[in-house]
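Reckoned from all heavy atoms, side chains included, excluding hydrogens, waters and symmetry mates. Fair warning: this is a prediction, and the values are worked out from it, not measured in the lab. All residue numbers in this chain count up from 1 along the given sequence.
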Amino acid sequence: DWNKRIEYKPGSGSIPLFPSIHLETCDGPVSSIHTTIELQTNYIGKGCDRETYSEKSLQKLCGASSGAIDLLPSPSATTNWTAGLLMDNNDMIFKFDGKQGAKIPDGIVPKNLTDQFTITLWMKHGPSPGLRAEKETILCNSDKTEMNRHHYALYVHNCRLVFLLRKDFDQADTFRPAEFHWKLDQICDKEWHYYVVNVEFPVVTLYMDGTTYEPYLVTNDWPIHPSHIAMQLTVGACWQGGEVTKPRFAQYFHGSLASLTIRPGKIESQKVISCLQACKEGLDINSLESLGQGIKYHFNPSQSVLVMEGDDIENINQALRKVSYINSRQFPTAGVRRLKVSSKVQCFGEDVCISIPDIDAYVMVFQANEPKITISGMDHFARPAEQFERGVILLPDIRIVSTVTKTEHPVDSKEHDGANKPMVLEEMLHNLDFCDILVIGAELDPEQECLELDHVELQGKHLDATNSTAGYSIYGVDTMHSYEQVLRQVRYRNWYTSATFDRKFRVKCSELNGRYTSNEFNLEVNILHSSNSNFMDHVSHMIVEPQFLQSVHHPEGSISAVHNSVVPSVATIVIIICVSILVFIITLGVYRIRTAHQHSSGDNEGSKENEMDWDDSALTITVNPMEKYEKPHQTEEESEEEDLEDEEEDTTSAESDESEEEDEEEEEEEEVIVQKGDKQNATRQEQLEWD
């Protein structure tokens, strides 16, 4: 009795495969029972569900020595030699069809690998076509021009793995080990296997899927004499620079490669190698202590095959009920894993007495809920130029949060049908494998600016970092909290700020080598020079204001509250500017009106004086001789009074003119006495008086 379909949800741990299985032999006596359970996962990833982190991140996670050089990285601006290769983006797998090869640029791998170095790779390879197969190059370092000498190479020939190492000539001109051969069935079984070549010259050891293999054949050769000829390192084919009309690729590889690295100067330990190739899914036995007496069991290295043997049927039944499936990945590869159970029963005195049919079943691994990674923090700030010369922290309050949407299961399921189940957003914790700080716009000028990080911040974490003019990259499998701590210490320095006013950066993080990526967090930094730093102080605080508003929900003490009271609001600044402009416009308008009024008053006064000039050609003037001596004194007193009024008022003469006109109208019936003086006397003024 068993279920043909076993469902597995991510994070379930270990689940029994056959909790109610029972084997019966109809009371027939048996001497032994032999049962094999096989989990078929060769079509999942590289043979089973493994972590899909980059090789660098995995090596850091497993505690490998630093300094590994990735020879098959994902194509980018700095690693463009793999751009023309066929590639499966999901698992960083490169497929070679016998027509392609890649040149590794000079300077990526040092010329002298020393007497100790390690080569690691994943390989999937089938039988070579033809009776006499050619060499299929995995890695080759040969002369770039003139000659065709191979200095070191790793290749497949007739289902044998061969490593070639030609040492340079020194004082001892003797034969030395040069070729190391391994003959293994797995090399041509069209399945994924993990190979590690540890070189401690003159000893070379091969690890395949964690198991050690010594070479069955070692051949010697003369050392290579030194020359001035440059060398060319290639992957997927070998470069033939001499002995041909035109240099070209030769000895192409047929198959798939992944995670090809070389580490000069160091070799890997057995523990690290086992960690790098370990499967994250497999068969397991719950409670080994309760298996019962007389039960023998054996796992293969990947735990995909379990063999159990015993002489008691009931003990075998109990042991089979404890066999389980486990997947330790937080985000496992979804899909079907086939199961096959085969049993053989041996009776007393006979080889096989009962035939038991095989059991076929499968494990259905569900897709994990996809996390949403969000980066938040202060996205704009300004600082004086002097601070940038010492270095300014770019991301002082960066926060990385991951959430997942789940379906809530209510207590009363009748109230909600399948289409209207409420969705809830839950925060979840998981690792990250890299975060990049990219420069937007022109790249950094190394002569005047850079990004800095004290590498002390990386100690105690599974993290490493690389720096370039395009940005700063932090990589390694570690928690989001660890990434936050490191990112908050990255500084931007600019020791020649006069030519720079702002810089823009972008932060992006990833989990599982880009399978899940965060939002693109953009940051703008303004450099305040001495001419505008005082004015921009308020603007800088104004921009930071939303961060303090958010702190209402997450109070951080009295310091934040005091800072809030000092920071002016946007509306206050706008109102002050508007009122100032309005007052200026009103003042300008009043000044213009007064000026125009003065000009118009002067014109009116001139016109009125002209109207007061009489045409006296037809007038008869009678002079009273009795008032000859009184009127001049009177007119002098009147003129003095008018002068005093003009000095006191200091305004236009329009009002005095109007008052004079009223006085003249009242005296229209009076006698007009005109005092005429000599025209040469400039101080006397003609006056008209009416009787």
Side-chain angles (χ1 to χ4, degrees), residues 10-11 41 44-76 78-79 82 87-94 118 120-124 192-196 209-210 256-263 268 271-282 302 327-334 365 367-368 370-371 373 400 402 428-436 458 460-466 473-484 486-487 508-518:
T41 59
I44 302 294
K46 301 185 188 76
C48 66
D49 206 3
R50 293 181 170 90
E51 296 291 5
T52 55
Y53 295 116
S54 66
E55 187 65 18
K56 273 189 174 182
S57 297
L58 277 177
Q59 290 182 354
K60 189 73 176 178
L61 182 64
C62 290
S65 304
S66 59
I69 302 168
D70 194 354
L71 301 181
L72 284 177
S74 57
S76 67
T78 56
T79 58
T82 57
M87 180 181 175
D88 184 353
N89 290 322
N90 292 331
D91 295 311
M92 296 292 296
I93 295 171
F94 292 87
T118 302
T120 64
L121 72 148
W122 284 95
M123 183 176 70
K124 181 180 180 180
W192 281 105
H193 299 283
Y194 187 61
Y195 299 86
V196 178
D209 295 338
S256 298
L257 298 174
S259 304
L260 176 60
T261 69
I262 187 168
R263 179 182 287 101
E268 287 301 353
K271 181 180 178 181
V272 171
I273 294 171
S274 299
C275 174
L276 290 172
Q277 61 88 37
C279 288
K280 294 299 180 180
E281 65 175 346
S302 62
N327 193 318
S328 59
R329 292 191 66 191
Q330 189 172 11
F331 305 104
T333 303
V365 179
Q367 181 74 43
E370 184 171 343
I373 307 171
I400 306 173
S402 182
M428 70 180 305
L429 298 176
H430 59 76
N431 292 328
L432 299 174
D433 59 351
F434 72 80
C435 283
D436 290 336
L458 301 176
K461 303 179 178 67
H462 298 291
L463 298 178
D464 208 340
T466 57
S473 180
I474 302 167
Y475 62 90
V477 183
D478 214 322
T479 63
M480 291 182 286
H481 179 65
S482 295
Y483 270 92
E484 287 178 350
V486 175
L487 288 170
K508 190 174 183 179
C509 296
S510 158
E511 163 68 337
L512 295 176
N513 202 27
R515 179 178 173 183
Y516 304 117
T517 57
S518 70

Measure from the side-chain N and O atoms of [X] to the backbone N and O of [Y], and report whether any donor-acceptor pair falls under 3.5 Å.
X	Y	answer
Arg515	Phe331	yes
Ser510	Asp433	no
Thr41	Ile44	no
Glu484	Ile400	yes
Ser328	Lys280	yes

Query - Flag for His193-Asp209: side-chain donor and acceptor within less than 3.5 Å - result: yes
Requested in this report: Go through the side-chain N and O atoms of Asp49 and Thr333 and say whether any donor and acceptor fall under 3.5 Å apart.
Outcome: yes
Query raised in the report: Can you check whether Trp192 reaches Ser256 side chain to side chain, under 4.5 Å on heavy atoms?
Result: yes
Query raised in the report: Just wondering, do Leu429 and Thr479 contact through their side chains at under 4.5 Å, heavy atoms?
Result: no
Can you tell me how far apart [atom1] ([X]) and [atom2] ([Y]) are? Round to the nearest 0.5 Å.
X	Y	atom1	atom2	answer
Thr118	Ile262	OG1	CD1	9.0 Å
Trp122	Glu55	CH2	CD	9.0 Å
Thr120	Tyr195	OG1	OH	13.5 Å
Arg50	Ser302	CZ	OG	7.5 Å
Leu276	Glu268	CG	CD	6.5 Å
Phe94	Ser259	CZ	OG	9.5 Å

Do you know the tightest heavy-atom contact between [X] and [Y]?
X	Y	value
Leu72	Asp70	N-OD1, 3.1 Å
Ile93	Lys46	CG1-CE, 4.4 Å
Cys435	Leu432	SG-CD1, 4.1 Å
Ala68	Lys56	O-CE, 3.8 Å
His430	Gln330	CB-OE1, 3.1 Å
Glu511	Asn431	OE1-O, 2.7 Å

Requested in this report: Report the residue from Val477, Asn513, Leu512 that forms a side-chain contact (heavy atoms from CB on, under 4.5 Å) with Ser54.
Outcome: Asn513
Requested in this report: Could you check Glu51 against Arg329 for salt bridge (Lys or Arg N to Asp or Glu O under 4.0 Å), going step by step and ending with a plain yes or no?
Outcome: CA-CA 7 Å; Glu51 296 291 5; Arg329 292 191 66 191; 3.4 Å; yes
Query raised in the report: Has Lys461 got more than 12 heavy atoms of other residues, nucleotides or ligands less than 6.0 Å from its NZ?
Result: yes
